[in-house]
Amino acid sequence: MSFLRDRAEEFLDNARYSLGKGYYNLTLFNVEQFIQLYAKYLIYLKAGDFPKTHNILSLLERIEDLYEDKCNISVFRRDNKDFLYVIYFSYTQGRYFGTVFTRDDAERAVSLANKFRELGQCLTT
């Protein structure tokens, strides 16, 4: 299932590219995809399967359960819950409902994705 991790990394690369081009809605969309796929990868490593949901907050809760809060995953989720909701809603809002995200939103999203990536690396070591 390393393809999930690899695909997630591609979305993170796309998020960084989109941020540099000023495509802020695409930045958040790509960050959402990164978090979703990377979370499913982490879940698969422990459970042998992953939930068929797009809700990144539910996926993070599942990671907490499986990894027993290793690497302070619960702190990450709790401290970033509000903005994780923004990222989660960007999956549809930025494409279908005219929501416009700002450079600050995009920069924060990429920063959060980088932190989640580091957290994932911690969980797998």
Side-chain angles (χ1 to χ4, degrees):
M1 286 306 242
S2 62
F3 78 88
L4 285 171
R5 181 198 60 223
D6 296 344
R7 183 74 42 85
E9 292 291 343
E10 290 171 7
F11 277 111
L12 184 53
D13 285 344
N14 280 335
R16 292 179 184 132
Y17 173 80
S18 295
L19 175 59
K21 294 291 281 184
Y23 304 147
Y24 305 134
N25 285 24
L26 284 176
T27 301
L28 269 83
F29 172 79
N30 282 302
V31 165
E32 190 281 337
Q33 292 292 282
F34 164 76
I35 292 172
Q36 185 183 146
L37 292 178
Y38 202 75
K40 288 177 179 181
Y41 165 73
L42 294 170
I43 292 167
Y44 182 85
L45 290 177
K46 281 286 195 179
D49 198 7
F50 55 85
K52 308 311 185 257
T53 181
H54 302 292
N55 187 325
I56 60 175
L57 289 137
S58 296
L59 294 169
L60 291 174
E61 287 176 16
R62 183 72 176 126
I63 291 170
E64 280 181 56
D65 293 342
L66 290 170
Y67 287 87
E68 300 174 355
D69 201 28
K70 180 180 176 185
C71 304
N72 293 316
I73 181 70
S74 64
V75 172
F76 173 83
R77 188 177 63 84
R78 183 190 67 231
D79 289 353
N80 298 293
K81 186 175 182 178
D82 291 343
F83 200 70
L84 285 164
Y85 271 115
V86 171
I87 292 170
Y88 171 60
F89 287 119
S90 76
Y91 181 74
T92 55
Q93 294 295 317
R95 292 182 298 162
Y96 300 117
F97 297 108
T99 303
V100 177
F101 296 104
T102 66
R103 179 173 186 81
D104 287 343
D105 296 331
E107 288 173 347
R108 185 173 176 195
V110 169
S111 176
L112 193 63
N114 288 328
K115 288 177 187 172
F116 183 60
R117 186 174 182 264
E118 290 172 10
L119 186 87
Q121 290 170 341
C122 175
L123 292 172
T124 58
T125 57

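Quick note: residue numbers are just sequence positions, from 1.
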| field | Lys46 NZ/CZ over Tyr67 ring centroid, <6.0 Å and within 45° of normal | value | yes
| field | Any Ile35 side-chain heavy atom under 4.5 Å of Leu84 side chain | value | yes
| query | Does Phe34 reach the side chain of Phe116, with side-chain heavy atoms less than 4.5 Å apart? | reply | yes
| request: Take the angle between the ring planes of Phe29 and Tyr91 and call it parallel below 30°, perpendicular above 60°, tilted in between. | output: parallel
| task | Report the relative orientation of the aromatic rings in Tyr85 and Phe89; use parallel for angles under 30°, tilted for 30 to 60°, perpendicular for over 60°. | result | parallel
| said: Pair Leu19, Tyr24 - check side-chain contact (heavy atoms from CB on, under 4.5 Å), show working. | reply: CA-CA 6 Å; Leu19 175 59; Tyr24 305 134; 4.0 Å; yes
| With a 3.5 Å cut-off and no angle check, do the side chains of Asn55 and Arg62 form a donor-acceptor pair? | no
Can a donor-acceptor pair be found, under 3.5 Å and without considering hydrogens, that links the side chain of [X] to the backbone of [Y]?
X: Lys40; Y: Thr53; result: yes
X: Asp105; Y: Thr102; result: yes
X: Ser111; Y: Arg108; result: no
X: Asn25; Y: Thr99; result: yes

| said: For the CG atom of Leu4 and the OH atom of Tyr41, what is their distance to the nearest 0.5 Å? | reply: 9.0 Å
